[in-house]
Structures are given as C-alpha cells and as structure tokens.
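Since the structure comes first, as structure tokens, the remarks are kept for the end.
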Amino acid sequence: MKEQLIALAKQAMTNAYAPYSEFTVGAALLCEDGTVYTGCNVENAAYGVTNCAERTALFKAVSEGKRRFTAMAICGGKNGVLTDQVCSPCGVCRQALREFCGDTFTFYLVTATDACAVTLGELLPLGFGPDNLKITT
Ligand code: THU
C-alpha cells in the first residue's frame, strides 16, 4: 500500500498549479476503508489563497464523507523534480490533519530514491485537537 500511495502522490504532483513558486507538490491520503484521495498544490495570484497539496487531498476526502485516515504520501520539488530533500507538510496542514487524525497517523515523505516514515505525533507534538474542546470536570 505504501508503494501505491507514493505512486499516486507522484501522479498527483503532475497536476500541481504552481506558476509562482514553481514548486510542485503531490499528496495521496489513505482512508481507513482503503480508499485514496489525491491532491496537488493550487497557487493563486493573491499568494495567500494558495492551497497545499495535503489540504487539497484532505478536503476532497472530507467533502466526500471520509473522516478516518491512516497515512499520507507526500512528494514535492522544483518544477516536478524530486531530490534527496523531503517535502515535509507545513504547520497549517499538520493542524488541518490533526482535526481527524491521531498521533499514529503516518506520513511517507518521498525523495528521488526513497521515502521516510514519520508520524503526526512526531511532527506535531502536543497538538491541539477536538478533545481539547471537550468539557471535563
Ligand atoms: N506546498 C505544499 O503544497 N505542501 C507542502 O507541504 C509545502 C508547500 C506548496 C505551497 C506552495 O504552492 C509551494 O508549495 C511553495 O511553498
């Protein structure tokens, strides 16, 4: 499944709309039911409106009724070229995923030759999530 996710992230990267940064990103999000949603970054002339690949995939999935996720593969590089540098999810995307995912949610960060696995708990320690808003006495 890991290899399939990586292949789908690479494919999604080819759809990136990144005329300003020229940094193209692809993501593939695995749902608990086995389905996969892909996403790419979508930039905008008003730069702040840009949506990252990870949130594109997440919002596509949630808008189709999915809320339980296990893993995500991410790849990115200048003009679609992968290097030995991983594309790690930005802080906003980490927090967006935290809404639906726990500490064991796994990222596969893809390089030109390999992929390394890290968890959401490692990338967003002590993250603020839905449980923090529950009233306890
Ligand atoms: N970007 C992503 O899509 N995901 C990341 O994890 C990092 C950054 C995009 C946003 C922008 O279009 C471009 O990469 C450069 O920051």
Side-chain angles (χ1 to χ4, degrees):
M1 197 37 158
K2 173 184 157 188
E3 295 308 322
Q4 271 170 272
L5 266 191
I6 290 170
L8 288 167
K10 287 179 178 172
Q11 175 61 40
M13 186 172 71
T14 67
N15 291 326
Y17 177 73
Y20 306 109
S21 73
E22 297 181 339
F23 191 86
T24 63
V25 185
L29 176 63
L30 176 62
C31 305
E32 252 183 36
D33 67 6
T35 55
V36 176
Y37 288 81
T38 60
C40 62
N41 52 332
V42 183
E43 297 189 346
N44 192 281
Y47 297 163
V49 178
T50 292
N51 209 58
C52 290
E54 297 89 328
R55 275 175 292 140
T56 301
L58 176 66
F59 295 159
K60 280 171 68 178
V62 174
S63 68
E64 296 293 330
K66 305 299 164 75
R67 295 190 179 174
R68 299 178 70 85
F69 310 108
T70 55
M72 173 182 270
I74 306 169
C75 59
K78 198 83 176 170
N79 290 310
V81 179
L82 297 181
T83 65
D84 60 0
Q85 195 179 315
V86 297
C87 177
S88 192
C90 80
V92 172
C93 289
R94 296 176 196 197
Q95 183 61 35
L97 284 160
R98 181 64 185 80
E99 186 65 22
F100 301 96
C101 309
D103 283 346
T104 60
F105 178 84
T106 301
F107 294 99
Y108 299 114
L109 305 181
V110 180
T111 66
T113 54
D114 213 346
C116 72
V118 282
T119 66
L120 183 60
E122 288 167 330
L123 294 189
L124 191 68
L126 298 174
F128 187 87
D131 286 352
N132 294 100
L133 296 178
K134 287 188 183 147
I135 296 165
T136 51
T137 50

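Positions are given from 1 along the sequence. Being a predicted model, the structure only gives us computed values, none of them experimental. Counting starts at 1 for both ligands and their atoms, in listed order.
- Taking a cut-off of under 4.0 Å to the non-hydrogen atoms of Glu54, the atoms of ligand 1 that pass are 2 (C), 3 (O), 4 (N), 5 (C), 6 (O).
- At under 3.5 Å, not a single nitrogen or oxygen of Cys87, backbone or side chain, sits near a nitrogen or oxygen of ligand 1.
- When only interatomic distances are considered, the shortest N/O to N/O separation between Glu43 and ligand 1 falls below 3.5 Å.
- Inspection of the Ser88 and Arg94 side chains reveals an N or O donor paired with an N or O acceptor under 3.5 Å.
- Proximity of Pro89 to ligand 1 is established by a heavy-atom distance of less than 4.0 Å.
- For the salt bridge (Lys or Arg N to Asp or Glu O under 4.0 Å) criterion with Glu32, the lone passing option out of Arg68, Arg67, Lys66 is Arg68.
- The shortest heavy-atom distance from Cys40 to ligand 1 is not under 4.0 Å.
- A donor-acceptor contact closer than 3.5 angstrom links the side chains of Ser21 and Glu43.
- Remark: atom 1 (N) of ligand 1 lies closer than 4.0 Å to at least one protein heavy atom.
- When all heavy atoms are compared, the tightest approach of Gly34 to Met1 is O-CE, 3.9 Å.
- The shell of residues lying under 4.0 angstrom from ligand 1, judged by heavy atoms, excludes Ala18.
- Within the 4.0 Å heavy-atom criterion, the part of Cys90 lying near ligand 1 is the backbone and not the side chain.
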